[in-house]
Amino acid sequence: MTHRRPFFDAHFHVIDRRFPLFENDGYLPGEFTVQQYLDRTAALGVVGGAVVSGSFQRFDQTCLLDALDRLGPGFVGVTQIPYDLPDEEVARLADRGVRGVRFNLRRGGAVGVERLDALARRIHHVAGMHIELYVDARDLPELAGTLAVLPAVSVDHLGLHADGLPHLLALVERGVRVKASGFGRVELDVLHAIRAVLEVDPTALMVGSDLPSTRARRPFVDSDLDVVAEAAAEHLDGVMYDNAASFYRA
């Protein structure tokens with residue numbers, strides 16, 4: 001591995017069976033604790049990151065908050081919440097380090113897209129939180145009008161599919177951020193997609209390991225970061241750390 005930069009891991013999961021897990025389409029992930037994450041990434045230069053609650057954790061916050069306590073400074077959280085979670089509870093999560101709310105449109109998340117606009121505006125107003133979308137970019141045109149005017153939005157895994165890349169880039173032009181993550185689950189040329197995003201906005205791209213790569217065709221490998229380094233070139237410092245640290249207020 002050659003990137004040799006401080007790395008803000010903008011997308012990974014912690015799965016600890018001390019806390020509730022819920023089947024999603026009959027699937028339950030294997031355990032991947034904070035210590036397992038730290039051991040796995042010890043050689044990667046990780047200095048912070050975003051722990052993302054998965055669909056299998058639903059609205060339970062106990063695993064995420066425990067992980068943030070264990071990981072310490074530099075790490076923040078992204079979670080799922082019911083659309084009617086009271087403002088004071090949103091603020092409490094923000095005080096514990098939660099910076100974003102995830103909409104899982106790919107796997108039928110518990111909060112539907114019809115709630116996206118109102119919830120996104122409310123969490124940003126109350127706590128400065130942004131929204132994150134797990135979405136196939138081919139579905140973005142029907143959301144574009146909503147997303148382009150929201151205060152802060154990111155899209156996971158490069159939008160997943162090459163046919164959706166033009167739709168994703170159109171949103172990048174309007175301020176949407178993109179995670180280069182989950183290379184083992186995408187159907188696109190990663191090098192090309194990263195370069196295309198950077199050409200539109202060098203500050204828009206963030207990198208995540210997607211560990212432990214639940215349900216991906218292949219798991220994250222360290223050499224994925226070499227692909228990022230090749231694609232990012234002179235933008236590598238921003239892509240590996242600065243862009244995400246700023247977006248997540250870490």
Side-chain angles (χ1 to χ4, degrees), residues 3 5-13 41 44-53 64 67-68 71-81 90-91 93-104 116 119-135 137 140 143 146-160 168-182 193-211 225 228 231-232 234-250:
H3 71 92
R5 298 291 201 284
F7 177 25
F8 186 99
D9 185 353
H11 193 102
F12 68 94
H13 306 286
T41 59
L44 300 183
V46 172
V47 294
V51 189
V52 178
S53 287
L64 176 64
L68 292 178
L71 287 162
F75 289 87
V76 298
V78 177
T79 195
Q80 301 169 112
I81 61 173
V90 173
L93 289 173
D95 288 343
R96 295 289 300 275
V98 176
R99 296 289 184 262
V101 169
R102 192 183 197 209
F103 280 75
N104 188 335
L116 192 154
L119 181 56
R121 292 179 185 277
R122 183 165 68 89
I123 63 173
H124 191 269
H125 174 74
V126 169
M129 290 185 186
H130 63 265
I131 64 163
E132 303 199 353
L133 298 178
Y134 184 23
V135 60
L140 285 175
L143 303 172
T146 298
L147 299 179
V149 296
L150 291 180
V153 179
S154 71
V155 173
D156 294 346
H157 310 320
L158 294 167
L160 293 170
L168 181 65
L169 296 177
L171 286 172
V172 172
E173 287 182 347
R174 302 179 72 174
V176 169
R177 308 296 184 97
V178 177
K179 293 187 188 184
S181 55
I194 290 175
R195 286 174 172 164
V197 172
L198 292 173
E199 187 173 334
V200 175
D201 181 359
T203 70
L205 196 78
M206 308 175 288
V207 180
S209 67
D210 192 36
L211 284 166
L225 297 183
V228 172
E234 71 272 19
H235 302 300
L236 186 58
D237 286 337
V239 165
M240 291 299 296
Y241 181 82
D242 297 338
N243 296 348
S246 174
F247 186 63
Y248 283 102
R249 296 174 284 126

Nearest heavy-atom neighbours spanning Y248 and V76: CD2-CG2, 3.6 Å
Between CG on residue L64 and CG on residue L93, distance to nearest 0.5 Å: 8.0 Å
Minimum heavy-atom distance Y241-P6, with the two atoms named: CB-O, 3.6 Å
Beyond-backbone contact of V98 with I81, side-chain heavy atoms, under 4.5 angstrom: no
Interatomic distance, L236 atom CG to R5 atom CZ [nearest 0.5 angstrom]: 4.5 Å
side-chain contact (heavy atoms from CB on, under 4.5 Å) between M240 and V228, worked out: CA-CA 9 Å; M240 291 299 296; V228 172; 4.2 Å; yes
side-chain contact (heavy atoms from CB on, under 4.5 Å) between V135 and F103, worked out: CA-CA 8 Å; V135 60; F103 280 75; over 6 Å; no
Rounded distance [0.5 Å steps], OG in S154 versus CD1 in I131: 8.0 Å
Salt bridge (charged side-chain N to carboxylate O under 4.0 Å, His left out) partners of D9, counting only residues at least two apart: none
Closest approach of V90 to A127 (non-hydrogen atoms, all atoms of both residues): CG1-CB, 4.0 Å
Under the salt bridge (charged side-chain N to carboxylate O under 4.0 Å, His left out) test, residues paired with D242 that sit two or more places apart: none
Plane angle bin for F247 and H130 - parallel if under 30°, tilted between 30 and 60°, otherwise perpendicular: tilted
Polar side-chain atom of R177 near backbone of V153 as donor-acceptor pair, under 3.5 Å: no
side-chain contact (heavy atoms from CB on, under 4.5 Å) between L171 and V155, worked out: CA-CA 10 Å; L171 286 172; V155 173; 5.6 Å; no
Side chain to side chain donor-acceptor pair (under 3.5 Å) against R174, all qualifying residues, sequence neighbours excluded: none
Heavy-atom pair with the smallest gap, counting every atom of A250 and G74: CB-O, 3.9 Å
Reference residue V178; test side-chain contact (heavy atoms from CB on, under 4.5 Å); the match among L168, N243, D201, L169: L168
Distance, nearest 0.5 Å, that separates OH of Y134 from CG of N104: 7.0 Å
Set of residues satisfying salt bridge (charged side-chain N to carboxylate O under 4.0 Å, His left out) with respect to R102, sequence neighbours excluded: D156
Test ring pair (Phe, Tyr, Trp, His ring centres under 6.0 Å) applied to H11 - qualifying residues, sequence neighbours left out: H13, H157
pair F12-V51: side-chain heavy atoms closer than 4.5 Å: yes
Test side-chain contact (heavy atoms from CB on, under 4.5 Å) applied to V239 and I194, step by step: CA-CA 10 Å; V239 165; I194 290 175; 5.9 Å; no
For R195 against A231, the heavy-atom pair lying closest together: CG-O, 3.6 Å
Within residues 120-135 or reaching into it, pairs that qualify as salt bridge (Lys or Arg N to Asp or Glu O under 4.0 Å) - sequence neighbours excluded: D87-R122, D117-R121, E132-K179
V197 to L205 - nearest heavy-atom pair and separation: CG1-CD1, 3.8 Å
